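To start, the structure itself, in structure tokens.
One-based numbering along the sequence shown. It should be emphasised that the depicted structure is a prediction, and the values quoted were computed from it without experimental measurement.
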Amino acid sequence: ASALPHISLQLSSDLALVTVGAQTATTFPVKGSHLGLASLTATASYSGRTVTSAPSAVTVYPPLALSPPNISLIIGATFQFVATGGPADCTVAWSVEDLDIAGSNGEGVVTAASLGSTTVTARAVGREGEVYSSSTVTVAVRSLSGLRLKAPTRRVLQGALVPLTLYGQDDAMSVFSYGSASPLLNMDWGVAGAGTVRDLESPLAPTGHLLISDNSGVVVFRATALGKSTVTCTVSVSQELGRPGQHQLDRDRALTASASIMVVDRLELLNVQPAVRAGGVLLAQESSYQLRVNKAAVFEIGRASCRERV
């Protein structure tokens, strides 16, 4: 007969990083509650005698997680998923559910191959092949069927810089969806109104990069001319894919989007010499002074009030 029913077994931790569950025979479930390194010790008691095991180190690690949780790509675009968490001594193995829709290398770089939806899974694998943690994300391969041009503001001061970003039919179709596409997309930018196409530049212009049409979904508008300027971008395919039903743009038709930006001059005080754009006017107590500005209004400032007279 087994003596196990007469032996008292206990498992304890030196830190509150893990919780020990109810015993089943000689098995104790251990659950990590906080990140860190804990030490577990087992004791066995029988007939008044106690035997204690050597401490065993247990590492509580964050679960493996992929970021972002999903991505939309056009055919030929690539995207790098980022994996965090998992044991430090594990390797990350990548797999794609449907290789006809997308493929992945061993570093989490996914390339869209054909229209559809699939999943990408990363697994934290130990030396003996055991899987400690896993994470799955969704990859949707879609055609661009619409185009929108977003700007953080539509009214700026002369001399300001305004970034403009192309989005597709929804916010999921961002510059990450098409910026690495091959075959390339042609993106032809133009400016009408007060400004000219010379007011557009690459966001990498400070490093010497010029604005080109290949996949350039982000530009910077330099507000040099007063008045309304309309920035337009037309997107077209550089070559058709040659596969039935497979398109980077919906039915390979060119798409156009535009955004208008109003450039205004700064508010200046004209009856102060020299004219000022910012600062203060020193007034005596109980006095008033009329300020004239380069806008369609005249302001009077008293000791405790400011009112506009049109």
Side-chain angles (χ1 to χ4, degrees), residues 1-46 49-73 77-141 172 176-177 180:
S2 172
L4 186 59
H6 307 287
I7 299 176
S8 174
L9 296 176
Q10 290 185 334
L11 187 66
S12 59
S13 171
D14 63 335
L15 297 174
L17 301 181
V18 298
T19 56
V20 180
Q23 173 188 358
T24 302
T26 58
T27 301
F28 292 85
V30 177
K31 180 180 180 180
S33 54
H34 302 281
L35 301 180
L37 181 63
S39 179
L40 294 178
T41 303
T43 58
S45 300
Y46 178 68
R49 291 178 294 180
T50 300
V51 178
T52 302
S53 71
S56 177
V58 175
T59 301
V60 182
Y61 57 86
L64 187 70
L66 294 182
S67 179
N70 54 72
I71 188 69
S72 290
L73 302 173
T78 61
F79 184 80
Q80 170 76 69
F81 284 99
V82 177
T84 57
D89 58 348
C90 284
T91 59
V92 179
W94 299 82
S95 62
V96 179
E97 179 187 26
D98 192 337
L99 292 175
D100 290 331
I101 294 176
S104 174
N105 66 1
E107 302 297 330
V109 178
V110 175
T111 302
S114 60
L115 300 179
S117 181
T118 186
T119 58
V120 175
T121 301
R123 296 177 175 86
V125 182
R127 293 189 181 93
E128 304 299 326
E130 63 275 27
V131 177
Y132 289 101
S133 183
S134 65
S135 179
T136 300
V137 294
T138 301
V139 176
V141 183
F176 297 106
S177 303
S180 59

*How close do S134 and R123 get, heavy atom to heavy atom, and via which atoms?*
CB-CG, 3.9 Å
*asked:* One pair to check against side chain to side chain contact (heavy atoms under 4.5 Å, CB included): T84 and S67. What are the steps and the verdict?
replied: CA-CA 8 Å; T84 57; S67 179; over 6 Å; no
*Would you list the pairs meeting side chain to side chain donor-acceptor pair (under 3.5 Å) in which at least one residue belongs to residues 102-116, sequence neighbours left out?*
none
*Intermediate values then yes/no, side chain to side chain contact (heavy atoms under 4.5 Å, CB included), N70 and V137*: CA-CA 5 Å; N70 54 72; V137 294; 5.7 Å; no
_Holding to ring pair (Phe, Tyr, Trp, His ring centres under 6.0 Å), I want the full list of residues that pass it with Y61, two or more places apart in sequence or in another chain._
none
*Go through the structure and list residues passing ring pair (Phe, Tyr, Trp, His ring centres under 6.0 Å) with F176, not counting sequence neighbours.*
none
*Closest heavy-atom contact between V125 and V131?*
CG2-CG2, 4.4 Å
*With sequence neighbours left out, what residues match S56 under side-chain contact (heavy atoms from CB on, under 4.5 Å)?*
none
*asked:* Under the ring-ring contact (aromatic ring centres under 6.0 Å, His included) definition, can you give me all pairs with a residue in residues 77-132, not counting sequence neighbours?
replied: F79-F81
_Modelled atom types, side-chain donor and acceptor of S180 and T78, under 3.5 Å_ = yes
*For residues T52 and T43, report the shortest heavy-atom separation together with the two atoms involved.*
OG1-CG2, 3.6 Å
_Partner set under salt bridge (Lys or Arg N to Asp or Glu O under 4.0 Å) for D89, not counting sequence neighbours_ = R127
*Under 4.5 Å between any side-chain heavy atoms of I101 and V139, yes or no?*
no
*So, for G86 and A124, which heavy atoms are closest and what is the spacing to 0.1 Å?*
CA-CB, 4.5 Å
_Using the rule side-chain contact (heavy atoms from CB on, under 4.5 Å), only one of T121, L66, V92 pairs with S135; which is it?_
L66
*Between T118 (side chain) and D98 (backbone), is there a donor-acceptor pair under 3.5 Å?*
yes
*asked:* Before you tell me yes or no, could you show the steps for T41 and S53 under side-chain hydrogen bond (donor to acceptor under 3.5 Å, both in side chains), namely the whole-Å CA-CA distance, both residues' side-chain angles and the distance that decides it to 0.1 Å?
replied: CA-CA 6 Å; T41 303; S53 71; 5.3 Å; no
*How far apart are the closest heavy atoms of P62 and L35, and which atoms are they?*
N-CD2, 3.4 Å
*Minimum heavy-atom separation for S117 to T138, with atom names?*
OG-CG2, 3.7 Å
